[in-house]
Student: 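I have a structure I would like to understand better, so I am pasting it below and will then ask my questions one at a time.
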Amino acid sequence: MNQNVRDYVTEKAKELMGAFSCCAEAKEAAQNWLDAAGTGKEAEQTKNFITELEADIMPIDTLIAFAGSEGGAKVFGAEKAKEVAAHGKEIKAAGALYCDCPACAACEAILAKKEEMQA
């Protein structure tokens, strides 16, 4: 992995870890990758990090469906769930493939460098 890609992913990994919407597993994978960057364990942790990001990033249709469900109402509250669903539909219409919360946005940015990370 070249240094420009490593620097970019480092910045985005820190953004991911700081996101209110980041799950514990993604924080751990990001920290493990940061700890391994530039070492002999980088390739292994890169693979693990990418696997975790791919599992965690929420496709926009999943967000919309969840926000419109009873589970979404329990997590967000009834009114906020309606807002989240409406927002999801709005960004989907504009071409979004994924949720745009801070964690998903960081995941998407990192995954855009997936091939370069594995080079």
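This structure is a prediction, so every number in the text was calculated from the model and none was measured. The chain is numbered in sequence order, starting from 1.
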Student: Pair Lys47, Glu44 - check salt bridge (charged side-chain N to carboxylate O under 4.0 Å, His left out), show working.
Tutor: CA-CA 5 Å; Lys47 181 181 176 190; Glu44 174 188 352; over 6 Å; no
Student: Do Met117 and Met17 belong to the same hydrophobic cluster, where Ile, Leu, Val, Met, Phe, Trp and Tyr are linked whenever their side-chain heavy atoms lie under 4.5 Å apart, directly or via other members?
Tutor: yes
Student: Rounded to the nearest 0.5 Å, what separates atom NZ in Lys14 from atom CG in Leu34?
Tutor: 6.5 Å
Student: Given the rule in the side chain to side chain contact (heavy atoms under 4.5 Å, CB included) test, do Asp35 and Gln31 qualify, once you have shown the distances and angles that lead to the verdict?
Tutor: CA-CA 6 Å; Asp35 292 344; Gln31 187 62 60; 2.8 Å; yes
Student: Specify the closest pair of heavy atoms between Ile50 and Gln118, including all atoms of both residues, with the distance to one decimal.
Tutor: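 For Ile50 versus Gln118, the nearest heavy atoms are CD1-NE2, 3.6 Å.
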Student: Any side-chain heavy-atom pair from His87 and Ile91 closer than 4.5 angstrom?
Tutor: yes
Student: For residues Ala103 and Leu16, report the shortest heavy-atom separation together with the two atoms involved.
Tutor: O-CD1, 3.6 Å
Student: Which value, rounded to the nearest 0.5 Å, describes the distance between Glu42 atom CD and Asn32 atom CG?
Tutor: 13.0 Å
Student: Work out which heavy atom in Ala13 is nearest to a heavy atom in Phe49; give both atom names and the distance.
Tutor: CB-CZ, 4.0 Å
Student: Are there more than 12 heavy atoms of other residues, nucleotides or ligands under 6.0 Å from atom NZ of Lys27?
Tutor: yes
Student: Grouping I, L, V, M, F, W and Y whenever their side-chain heavy atoms are under 4.5 Å apart, do Met58 and Leu53 come out in a common cluster?
Tutor: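 No: no chain of side-chain contacts under 4.5 Å links Met58 to Leu53.
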Student: What are the two closest non-hydrogen atoms of Ala67 and Ala81, and how far apart are they?
Tutor: O-CB, 3.3 Å
Student: Does the pair Leu63 and Ile60 meet the rule for a side chain to side chain contact (heavy atoms under 4.5 Å, CB included), with working shown?
Tutor: CA-CA 5 Å; Leu63 172 67; Ile60 194 64; 3.9 Å; yes
Student: To the nearest 0.5 Å, what is the distance between OH on Tyr8 and CG on Asn2?
Tutor: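 Answer for the OH-CG pair, Tyr8 versus Asn2, is 13.5 Å.
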Student: What distance separates Lys113 NZ from Glu115 CD, expressed to the nearest 0.5 Å?
Tutor: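 CD of Glu115 is found 12.0 Å from NZ of Lys113.
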Student: Does Gln3 have more than 12 heavy atoms from other residues, nucleotides or ligands lying within 6.0 Å of its CD?
Tutor: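 Counting neighbours around CD of Gln3, more than 12 heavy atoms of other residues, nucleotides or ligands fall under 6.0 Å, so yes.
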Student: Before accepting this row, confirm whether a basic side-chain N of the pair Glu15/Lys12 lies closer than 4.0 Å to the acidic partner's carboxylate O.
Tutor: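 Between Lys12 and Glu15 there is a salt bridge, with a charged N closer than 4.0 Å to a carboxylate O.
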Student: Check whether Phe66 and Leu97 end up in the same hydrophobic cluster, where Ile, Leu, Val, Met, Phe, Trp and Tyr are linked by side-chain heavy atoms less than 4.5 Å apart.
Tutor: no
Student: Cluster question for you: counting only ILVMFWY and a side-chain heavy-atom cut-off of under 4.5 Å, with indirect links fine, are Tyr98 and Val75 together?
Tutor: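 Unlinked, Tyr98 and Val75 end up in two clusters.
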Student: Return the SG to CD1 distance between Cys99 and Ile64, rounded to the nearest 0.5 Å.
Tutor: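 One finds 10.0 Å between SG of Cys99 and CD1 of Ile64.
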Student: What's the spacing between Trp33 CH2 and Thr10 OG1 if we round to 0.5 Å?
Tutor: 3.5 Å
